[in-house]
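Whatever order the structure lists them in is the order used to number ligands and atoms, beginning at 1. Reckoned from all heavy atoms, side chains included, excluding hydrogens, waters and symmetry mates. The chain is numbered in sequence order, starting from 1.
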Amino acid sequence: MASTIRRAVIPAAGLGSRLLPLTKATPKEMLPVGDKPVIEHTVRELVDSGITDITIVVSAGKGLIQEHFRPDPGLVAQLRNAGKDGYADAVEEIAELARRGHITYLDQHGPYGNGTPVLNAARAFGDEPVLVLWPDDVFVSEVPRAQQLIAAYNATSSPVLALMAMDPADSHRYGVPVVKEDLDDGLLRITGLVEKPAEQDAPSHYAAIGGYVITPGIVDELREQTRRWHEHPQGEIYLTDAINAYAATRAVYGQVIDGTWYDTGNPLAYLTAQFAAALAHPDYGPSLRRLAHDLGAEPPTRSGG
Ligand code: G1P
């Protein structure tokens, strides 16, 4: 499928401190949700949306991510010799996914903050818009979240943020958009984002959920922050600040994503995502649903942070 956006960045250098000690040795991106590590869900979403150039920005201790996507012909041959073609196919399919997504890795360097990995990868962007997806938000949807963001970009030629309706009590966990106009099909014109406001200060009932279409103008704003960082090296570089600076003079949109969202970034939400994925599994789901029923639990329908 041809896409107007062909590049994506997955920032994967974070410590995963909210999930310690689980994430002491295992990168949070490699924790399983269902039968796949979290980051594989993100890569599949991107490849299914026509992305052919994925940069994963990593830090020390994230080698397991590369191991997961690396081709392993020796293992495949061993499995085939043992007659285990199903497993061999599954191992080969992941390498094929990485090849289709043309995954490359970049070491994160520079100031603290979620704008830094985007800037690290930005040298390759040229004039192109790119998708930025946090790897700890997993979506189950008919149309992949990335594709919904691309469609919003195609309609607006402007930066776009992925949004979900949230419980107002959760506003202190998220960036909350200031909505200027409600357009059709979940598309909103926004004038900025307030980071983690108290419930009474939240400007809307939507949360930014870790998916962005970034345009060259946003990258310019991130570079502007870096210039200031050189003068005040205790500063941090954030995407939200760049989006707000951009939105002061130009149009920015939010797209309310149609689908089910699993925020895997904190322990309860991670376990909820695991539970829901297990219940939805085509082979094991029916037995697990019976088990959940016997244990007196209602299957969850949606997770939040
Ligand atoms: C970041 C963003 C925030 C967004 C959140 C989604 O915050 O700054 O706007 O709502 O991701 O996961 P973080 O959770 O990294 O503090």
Side-chain angles (χ1 to χ4, degrees), residues 8-20 23 27-29 31 33 38-39 41-42 45 57-59 108 110-120 131-140 145-146 148-149 159-179 188 190-199 201-214 218 221-222 225 235-247 252-257 259-270 272-273 302-305:
V9 178
I10 304 177
L15 281 179
S17 41
R18 286 179 299 169
L19 290 167
L20 281 168
T23 45
K28 65 173 177 172
E29 297 80 8
L31 296 176
V33 168
V38 174
I39 196 165
H41 289 279
T42 311
E45 175 184 346
V57 183
V58 294
S59 55
Q108 176 158 319
Y112 189 83
N114 63 24
T116 292
V118 180
L119 268 182
N120 288 162
L131 272 164
V132 177
L133 294 188
W134 296 167
D136 41 14
D137 289 304
V138 172
F139 272 86
V140 179
R145 161 190 51 170
Q148 296 182 44
L149 286 171
V160 184
L161 279 58
L163 303 176
M164 284 295 272
M166 68 165 180
D167 180 341
D170 282 338
S171 62
H172 65 284
R173 299 178 191 277
Y174 300 110
V176 178
V178 183
V179 177
L188 306 175
I190 66 171
T191 55
L193 263 185
V194 179
E195 270 301 320
K196 305 180 178 101
E199 183 174 350
D201 300 327
S204 70
H205 290 174
Y206 294 102
I209 43 153
Y212 307 82
V213 177
I214 296 299
I218 299 281
E221 295 294 350
L222 285 170
Q225 285 185 54
E236 299 172 355
I237 309 283
Y238 284 106
L239 220 40
T240 294
D241 294 337
I243 290 166
N244 282 337
Y246 183 96
V252 174
Y253 293 84
Q255 176 65 48
V256 182
I257 302 296
T260 305
W261 161 44
Y262 298 112
D263 171 357
T264 64
N266 70 57
L268 174 61
Y270 171 62
T272 306
R302 176 187 175 277
S303 89

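- Close approach of ligand 1 to D137 is summarised as follows: ligand atoms under 4.0 Å from at least one heavy atom of the residue are 12 (O).
- The shortest heavy-atom contact between V9 and P117 is CG1-O, 4.3 Å.
- Between F139 and W261, the ring planes are parallel. Angles under 30° get that label, and only those over 60° would be called perpendicular.
- Of the N and O atoms on the side chains of Y253 and Q255, not one donor lies less than 3.5 Å from an acceptor on the other residue.
- If you check the side chains of Y174 and D263, you find a donor sitting under 3.5 Å from an acceptor.
- Contacts between D263 and ligand 1, counted as non-hydrogen atom pairs separated by less than 4.0 Å, are absent for every part of the residue.
- Of the protein's non-hydrogen atoms, the one nearest atom 11 (O) of ligand 1 is W134 NE1, 2.8 Å.
- When each of I190, V179, L193, V176 is checked for a side chain to side chain contact (heavy atoms under 4.5 Å, CB included) with Y206, only V179 meets the rule.
- Of the candidates V252, L149, L188, L149 is the only one forming a side chain to side chain contact (heavy atoms under 4.5 Å, CB included) with V160.
- Looking at atom 6 (C) of ligand 1, its nearest protein heavy atom turns out to be A208 O, 3.4 Å.
- For ligand 1, the atoms lying closer than 4.0 Å to a non-hydrogen atom of G175 are 3 (C), 4 (C), 9 (O), 10 (O).
- Close approach to K196 involves these atoms of ligand 1, each under 4.0 Å from a residue heavy atom: 7 (O), 13 (P), 16 (O).
- Closest to atom 2 (C) of ligand 1, if we only count protein heavy atoms, is E195 OE2, 3.7 Å.
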